[in-house]
Amino acid sequence: MIRSEQERVRLESLAQLRQLGIDPYPAAAYPVDTHAGPLSADFAADREVCLAGRILSRRIMGKASFAELQDATGKIQIYLNRDELCPDEDKTMYNTVFKKLLDRGDIVGVKGTTFTTQTGEPSVLVKELTVLSKSIRPLPSVKTDEDGKVHDAFTDPELRYRMRYVDLVVNPEVKRTFEARSRVIQAMRDAFTEKGWLEVDTPVLQAIPGGAAARPFITHHNALDIPLYLRIANELYLKRLIVGGFDGVFEFSRNFRNEGMDRTHNPEFTVLELYVAYQDYHWMMETIEQLLERVCQAVHGTNTATLEGNTIDFAPPYRRLSMRDAILEHAGVDIDGMDEAALRGACAELGIEVDDSMGKGKLIDEIFGEKCEHHLVQPTFITDYPVEMSPLTKAHRDKPGYTERFELFINGTEVANAYSELNDPIDQRERFEEQLKLGERGDDEAMFIDQDFLRALEFGMPPTSGVGIGVDRLVMMLTDQRSIQEVLFFPQMRPEVFRSGPDLDALEAMGVPSEWAPHVAAAGFDTPEAIREAKPTALREKLNGFRKKNKLDLPALQLEEVESWSA
RNA sequence: GACCCCCUAGCUCAGUUGGUUAGAGCAUCUCACUUUUAAUGAGAGGGUCCUGGGUUCGAGCCCCAGGGGGGUCACCA
C-alpha cells in the first residue's frame, strides 16, 4: 500500500507511542461526564470535567498549546500547559506525546478544569490527557475565519459521499441535516403510535414485486431455486394486514427501484406507508396536513421552512385542487370526457412528446407533469386522478372515470400519494388485467398480478385509506437540500476502484532484495500474488530480460534465488 | 441512454500559444514561542498532473479510447 508522506509520519508517531508504552487504541472505557456542546452553551468556570473527542486543530506555542476538541455535540477549546499537564520532572506527555506524536484527527480524552481565557474563550485546562485513537490519515484542513467564512472547505461531492465519515467530521452542517432526518422520522412515528396504530415489518424479498409500477431489482434464492425481487413497494402487504383486522398499520419501508438516478431518485429510498381502516382520502388529507405541521415543528420549531428561497408554509389547510382543474388552470385543457385519441391531440397541441405504449392514464400524467407540477410550490393536494393511472384506488364516489386519490406536491415535487383504497375484489381483478394489457403494449412498468392479494381482498377488506410519503424528499424539503444524496448517508455510487499500486514492502518481505523490488514491480510483478502465480523459471527469465533491456546495474538473478521468494 | 463540464500535493485551487526542474494557500516536518483562536516568525520536504494509447524534438496542456464525478435532458406516478 502506498502511503503519503503525511501518513508515513503518522504511522511513525503511532510506533513511537507504542514505544513509550502508550496504547494508541486502548480497550478500556473512558469515563466521559461532559459534552462540548452543553458545556460551551452553559459555561461556568472552575468545573472539573472529563470529555473526549477528536482534535480538530492545534495551536502550539512552546510550553503552552490550544486545541479544538470536537465531540458529538460540538466543539470546545482545550488548553494544554506543559507544567499543568506534567507537574513532575517528566515532561514527556506534553513535549513528546502532545506536541510531536498527536495530530489533527486523533481522538483523545481529557480531564481538567474549566476556565475562560484572556480573549474570553471558554476552555478546559487539561490536567490529564489520554490517547484514545490515533488517526493515520490527515483530515481535510477546513478552517473558519473570524467572519465565519470557511476556507478550503471539503466540497468535492464524490469525496464527500464516498467518505461520508470525513464529511461528517469536517462539515458540521451535514450532521444537522441527518439529525433533522431523524427528527422527521421520530415525529411521524410518535404521531402514529399515539393514535394506537401498529408499526410493522413486511417482506423486502418478494416473489411478486407489487404495489407500484417500477422496474425491480431481481435476485435469486438458492434453497428455493426461485427468483426473488427486492420490493418496489410494501402496499399490498400492509393491506393484507388490514384484511387481517388491524385498524391502523404503518411501516418505514426501504424500497428499491431499478431505474435512473438523479437529484431526486436513488435506487433505494424510504417511504412511510400508513393504512387506516374505515377512513377515506378526505380524512387522510387532514391527517397529512396535521402530520406535516407537526414534523415541521419538530425540525424547525415553526410551521414554515425555507426552500430554495421560497418560504413553505406547512400549517393546514393546504389547497385542494382536482387533477382536471389543475390541468384546466395551467394547460387550458379540459380532460373530462376525452378519449385516448383526443388526449393525444391535446398533447400534440401542447408540444408534449408521447409514444404508442401510453394509455389514457399516462397521457394525462404527461400533461400534468409537463404543465402543472412545477407551479405547485406551496403544499397542494392534487385530487381525483383518472382511473387509468390508479389501479389500486377506489373509483370516485360521484365522478365517473376518476378515483379517490390525491398526491401532495411541495415545491413542484411529489411528496405523498394517497387513496381511498380499492377494496372491491372484482374491480381490483379487472384493474390488474388492464395493467396486463398495458404491459403487453410495451409499458414495462405495468403492474404484476398478485393472486394472493386478490384472494385476501376476496375475504373482505374494510374501507381503508392509505398513504405513502417519500421520506427522503420530505427531508429535502425541510432541510433545503437540492439533492437526495444530501439526505442519504450513503447514496448509491459506482463501486470505487482501489488502485493498490506496487507493494514494495510486501515484495521485500517475501525475500525480494530491496534494490530489485522497484524493478520487479515495474516488470509487472507488483504484488506477492503476482510473483507466486508466476513460474519461477519464467519469472527469472522475464526479470533478467528486464535487467538487460533497462541496463540495470545489478547482478543477474539465479533460479534458486527466485524460487526462494515464493517458497 | 444523450449532451455539456470537471479530475493537478492530504484539502482547496492556479498552471499563459505545446517549451527549462509543475506552482500557491492551508496541512505536514524542523526550529523559536506559557492565554492563542484562519496563532505567529524562519526554514524544509511532499506529485502515477485519473488510466492507456497517439501526435510531436518536446504533452498537465493537442487527438483517440477508457474510468470516476457533477449538471441538463430522457426515463422514473
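First the proteins, then the strands, lettered A, B, ... as listed; each starts at 1. The figures here come from the full heavy-atom set of this structure, side chains too, leaving out hydrogens, waters and symmetry mates.
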Side-chain donor/acceptor contact of [X] with base of [N] under 3.5 Å:
{"X": "A:S141", "N": "B:G10", "value": "yes"}
{"X": "A:E68", "N": "B:U37", "value": "no"}
{"X": "A:E407", "N": "B:A77", "value": "no"}
{"X": "A:T117", "N": "B:U36", "value": "yes"}
{"X": "A:E158", "N": "B:G69", "value": "no"}

[N] versus [M] - spacing of their [atom1] atoms, nearest Å:
{"N": "B:U16", "M": "B:G60", "atom1": "P", "result": "12 Å"}
{"N": "B:G58", "M": "B:G45", "atom1": "P", "result": "31 Å"}
{"N": "B:C26", "M": "B:U40", "atom1": "P", "result": "8 Å"}
{"N": "B:U12", "M": "B:U20", "atom1": "P", "result": "27 Å"}

Flag for A:E68-A:S57: side-chain donor and acceptor within less than 3.5 Å:
yes
Between the side chains of A:E251 and A:Y275, does any donor sit under 3.5 Å from an acceptor?
no
Measuring from the side chain of A:R82 (C-beta onward, heavy atoms only), which nucleotide among B:U12, B:C31, B:U34 has the closest atom?
B:U34
Within this structure, what is the CE-to-P distance between A:M61 and B:C31, rounded to whole angstrom?
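After rounding, the gap between these two atoms is 17 Å.
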For B:C76, does either OP1 or OP2 sit under 4.0 Å from a side-chain N or O belonging to A:K362?
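Answer is yes, contact under 4.0 Å.
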Phosphate OP1/OP2 of B:A38: any A:K143 side-chain N/O under 4.0 Å:
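So the side-chain polar atoms of A:K143 never come under 4.0 Å of the phosphate oxygens OP1 or OP2 of B:A38.
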Under 6.0 Å from the ring centre and within 45 degrees of the ring axis: does the NZ or CZ of A:R405 meet both conditions for the six-membered ring of A:Y385?
yes
For B:G66, the nucleotide meeting Watson-Crick or G-U wobble distances (both under 3.5 Å) is B:C50
When you look at CZ of A:R137, are more than 12 heavy atoms from neighbouring residues, nucleotides or ligands closer to it than 6.0 Å?
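Open: at most 12 neighbouring heavy atoms sit under 6.0 Å from CZ of A:R137.
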